[in-house]
Amino acid sequence: MDQKPSKARIFLDPLFKANPLFVMVLGTCPALAVTTSFESAIGMGLLFTFVVFCSNLIISLLRKVIPDEVRTPCYIVVIATFVTVVKILSSTFLPELYNSLGVFVSLLVVNCIVLGRAEAFASQNTVVDSMLDGLGNGIGYTWAIAAIALVREVVGAGTLTLGKVFTFIPKVTLPILSGYSGSDFSMAIPLFKSSAGGFLVLGFALAIIAAVNNYKDKKAKEKARAAKAAAAAAAKGGNQ
Amino acid sequence: MSYVVSFILAIVSYMVIDNVILSRYFGICSFIGVGNKVKSAVGMGLAVTFVTMMAALVCWPIYTFILVPANMGYMDTIVFILVIASLVQMVGFFIKKKSISLYKTLGIYLPLITTNCAVLGVVQNNTAYDFGRSMANALGTSLGFVLVIFLFACIRVRLEGANLPKAFKGVPIALIVAGIMAIVFMGLGGIIDLGSWGLI
């Protein structure tokens, strides 16, 4: 029988082992669309974390009330409510972020991860577990899209700009693959900022993760085989 | 500029130049998920076309004649997603009643369409346009979706037999193929100068 996972596991698994973007390959639309800028990606991740946390909380509170037949529309209404809250809050307090994300704030409603967590986790687990799960998935998704955005912005523009979206921090532009402002030197590849770049970066990221996993599997198999051989040899030695 | 020309240009630009999947990143989940079967790709595409057109037809009047006069424009996302979800449900019932063979081809994709960003994305975008242009946007977007998902499925059939590194099998190579397709479609951008027609 399956053992109930511990609270730490519920929170930590979505960060790496069951990362919603890199392992489950869910929520790819915003992961490609808002990752031309590192800061917008972090902003998107924060809004996403808020939505998935709150919707998990409410849905797990209501899990015994919602009839099974109409559960999807109910979940969508709960999620859409929080997306509207996020839309109003971000357009008021962080208008630059809201404008840079555009329609993708509204599209959080149809993000497969939010609905997926509601369906697969919050509808069956306690409130505390669901909150931890929401937080873990939110943070896991945030770092994943931030990583993609970092690559795309640095390689695509040659610079890393901070303070453009989060206006409360001073604006700085770090020249990483280009010269300081005024010089013509730049190693940027603008393709990475275009739509094709998003597909390529995510594709290569997934391939690298698959390669690492394959390598680990191979190692584990070899180790198991060696252990088996050693055990067999020991057994043989014992018989003689 | 005559209205008809702008209508046609909107369709072409949304279908090819500003393609829904390759340049606006809507509906990638279903794009990747539908896999390498040409038949199911076309089925999915047709179902999306139908639902997008219906949703655009219903949501634009609701937004313009109910939400805006009532000063409730901020409720748009909730109303739109409810309309789309119930539309998908009704379309399912209708097809099931009318043609069981069509239901068998399209029916399995219907639940997936509720969570397809293309539908909500188009409807949400349309609030900024008039009715004719909204329908043109919806038509162009869905045709673009069908076109790309069909081409992509054809390519993936050929990829089946390709000798790939193990790590690239499955989703990674699909994304890279999509990236190359996006580069190809970017090249079509020069055909029409969208700026001079006032489309962007």
Side-chain angles (χ1 to χ4, degrees), chain A residues 25-35 70 72-88 91 102-116 191-192 194-215 218, chain B residues 18-19 21-33 74-82 84-86 88-89 111-125 127-128 164-186 189:
Chain A
V25 202
L26 292 174
T28 39
C29 313
L32 295 173
V34 303
T35 51
V70 290
T72 313
C74 295
Y75 297 162
I76 288 181
V77 173
V78 172
I79 296 166
T81 310
F82 284 112
V83 170
T84 307
V85 170
V86 157
K87 256 170 85 175
I88 294 171
S91 63
V103 72
F104 284 91
V105 184
S106 305
L107 289 184
L108 274 174
V109 180
V110 287
N111 191 306
C112 341
I113 305 170
V114 185
L115 197 62
L191 178 75
F192 276 77
S194 73
S195 55
F199 287 111
L200 295 177
V201 172
L202 185 60
F204 278 107
L206 291 178
I208 291 168
I209 289 162
V212 170
N213 282 345
N214 287 346
Y215 180 73
K218 210 172 139 194
Chain B
D18 192 12
N19 187 277
I21 298 176
L22 296 177
S23 101
R24 279 184 290 157
Y25 298 125
F26 292 166
I28 295 173
C29 298
S30 42
F31 176 63
I32 301 286
Y74 60 89
M75 288 284 282
D76 52 356
T77 309
I78 299 183
V79 172
F80 291 161
I81 193 70
L82 277 178
I84 293 169
S86 38
V88 168
Q89 200 72 262
L112 285 174
I113 293 171
T114 315
T115 56
N116 187 324
C117 344
V119 184
L120 186 65
V122 171
V123 171
Q124 191 87 44
N125 237 348
T127 55
L164 294 169
K166 205 175 155 201
F168 278 92
K169 286 215 164 92
V171 183
I173 192 68
L175 282 167
I176 289 165
V177 167
I180 297 169
M181 282 171 81
I183 298 175
V184 174
F185 272 71
M186 252 159 61

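As the structure is a prediction and not an experimental result, all values here were calculated from the model. The figures here come from the full heavy-atom set of this structure, side chains too, leaving out hydrogens, waters and symmetry mates.
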Structural part of A/Y215 lying under 4.5 Å from a heavy atom of chain B: neither

Top contributor to chain B interface from A/A80, A/S91, A/A207, A/C112 [non-hydrogen pairs under 4.5 Å]: A/A207

Partner set under ring pair (Phe, Tyr, Trp, His ring centres under 6.0 Å) for B/F185, not counting sequence neighbours: none

Chain A contact via B/I78 - which portion, at a heavy-atom distance below 4.5 Å: both

Between CD1 on residue B/I81 and OG on residue A/S106, distance to nearest 0.5 Å: 10.5 Å

Part of A/T81 within contact of chain B (heavy atom distance under 4.5 Å): both

Donor-acceptor contact present, side-chain A/S195 to main-chain B/L22, <3.5 Å: yes

Interatomic distance, B/I173 atom CD1 to A/L206 atom CG [nearest 0.5 angstrom]: 11.5 Å

Under 4.5 Å from a heavy atom of chain B, the part of A/T84 involved: side chain

Validation row: A/L200, B/I176 side chains within 4.5 angstrom (heavy atoms): yes

Heavy-atom pairs under 4.5 Å with chain A, option from B/L120, B/V177, B/D76, B/I180 with the top count: B/L120

Residue pair A/C29 / B/G27: nearest heavy atoms and the distance that separates them: SG-N, 3.8 Å

Close side-chain approach of B/F26 and A/V103, heavy atoms under 4.5 Å: yes

Test applied, side-chain contact (heavy atoms from CB on, under 4.5 Å); reference residue, B/C117; option that passes from A/V109, A/N111, A/L107: A/L107

Heavy-atom pair of closest approach, residues B/Y25 and A/F199: CE2-CE1, 3.7 Å

Residue part contacting chain A, namely of B/T114, when any heavy atom lies under 4.5 Å: both

Salt bridge (charged side-chain N to carboxylate O under 4.0 Å, His left out): pairs with one or both residues in residues 22-31 of chain B, sequence neighbours excluded: B/D18-B/R24

Interface residue of largest heavy-atom contact number with chain A, from B/G170, B/A182, B/A174, B/A85, under 4.5 Å: B/A182

Top contributor to chain B interface from A/L32, A/L191, A/T28, A/N213 [non-hydrogen pairs under 4.5 Å]: A/L32

